Amino acid sequence: MMSTYLVTGAAGFIGSHSVEWLLGQGQRVVGVDNLRTGHLENLADARSSPRFEWVLADAGDEAAMRVLFEQHRFAGVLHLAALVSVPESFRDPALNSRLNLVAVDNLARLCLEFDCKRFVFASSAAVYGTAAALPNRESASPQPQSPYAAAKLAAEVMLLGYAASYGLEAVCLRYFNVYGPRQDPTSPYSGVLSIFTDRCQRGLPVTVYGDGEQTRDFVSVRDVARANGKSLLDTGVVVGRYNVCTGRAVSLNQVLAIYRELFPGVPPTTYAEARIGDIRHSLGDPQLLQDMLRFEAVILFAQGLRELALANR
Ligand SMILES: NC(=O)c1ccc[n+]([C@@H]2O[C@H](COP(=O)([O-])OP(=O)(O)OC[C@H]3O[C@@H](n4cnc5c(N)ncnc54)[C@H](O)[C@@H]3O)[C@@H](O)[C@H]2O)c1
């Protein structure tokens, strides 16, 4: 049956891919974004679908969101809109709390009021912090190291509280390092792969902070969009928090070796002093989401990286 879903942060990197996935499943989608860090071009394909409605609005504006809930009987909400930069959360903790905690709470309460059961929330592997053992498992005690991570964790706790109190079907997805087409490379803190790709495409040398042996669990945005979509649509979800990751660690030097094949003319990599606060290794355990949703990240890193490198944004 065709249902209508609300996606906030729809014009963003993960949002636009998630919207396309849902439309591809024949669903109706209302996409909200205030274009703070997203781009309307990301929704070019989606906007050509008669099942997509674009709304320029602040997801934290309760009155504006209420109008949408009144107009549509949403079957579920995928909440991606956020202040996405960890350094910005340090500079402006009040804004971080408004966007990353209060806005989540507002939307969740609208869901309760309008009997919209399913709430899928974009959390982050950042909630684990540096102290948790690798690979990170959901049972580990989270140790947020930034206002950003603290707000994501607090929002998870609010949602799980509403699940226990009112039966909200809250699914909190902790994304690891998401990569793929449409990730904005303009911020120095943006995903490392979007920056590398942008530099290589322009024939400029890449700078690595540290020795390049730091590792990340890179997960393709196509897999993430599918995890989001399945979490919204699946009838048998279990309330909780779940890693969205591959369970495989890739070092930046391994990434660069692939880039050297794809862009043979790029000048040699420069290595600079490691950045304070950068974590050495990040790796998730994907088992819990696999057990709950039968979800597995299927895009192999080398394949996803090629697609990203050759994509014309
Ligand atoms: N990219 C990653 O590796 C990663 C990792 C962990 C968590 N996340 C989370 O995933 C979500 C999506 O991130 P992304 O990487 O796609 O970033 P993004 O910046 O591309 O997407 C966020 C979108 O939300 C919009 N937005 C921000 N505040 C808004 C508001 N108040 N009202 C309406 N729209 C608003 C922005 O304009 C943007 O389009 C975020 O919640 C982020 O914290 C991302």
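Along the sequence shown, residues carry numbers from 1. Model, not experiment: these values are computed from the prediction. For ligands, and for the atoms within them, numbers begin at 1 and follow the listed sequence.
- With 3.5 Å as the limit, one finds a donor-acceptor pair spanning the side chains of R182 and S16.
- Both the sub-6.0 Å distance and the 45° axial angle are satisfied by R174 relative to the ring of Y128.
- No hydrogens or angles considered: a donor-acceptor pair under 3.5 Å links the side chains of E213 and N253.
- Residues F295 and V224 fall within the same hydrophobic cluster, defined by Ile, Leu, Val, Met, Phe, Trp and Tyr side chains chained together at heavy-atom separations under 4.5 Å.
- For ligand 1, the 4.0 Å heavy-atom shell takes in G9, A11, G12, F13, I14, D33, N34, L35, R36, T37, G38, A57, D58, A59, L80, A81, A82, V84, L99, A122, S123, S124, Y148, K152, Y175, F176, V178, Q183, ordered by chain and residue number.
- Side chain to side chain, D217 and T246 meet the donor-acceptor criterion of an N or O pair below 3.5 Å.
- The environment of Y166 atom OH is sparse: at most 12 non-hydrogen atoms of other residues, nucleotides or ligands sit within 6.0 angstrom.
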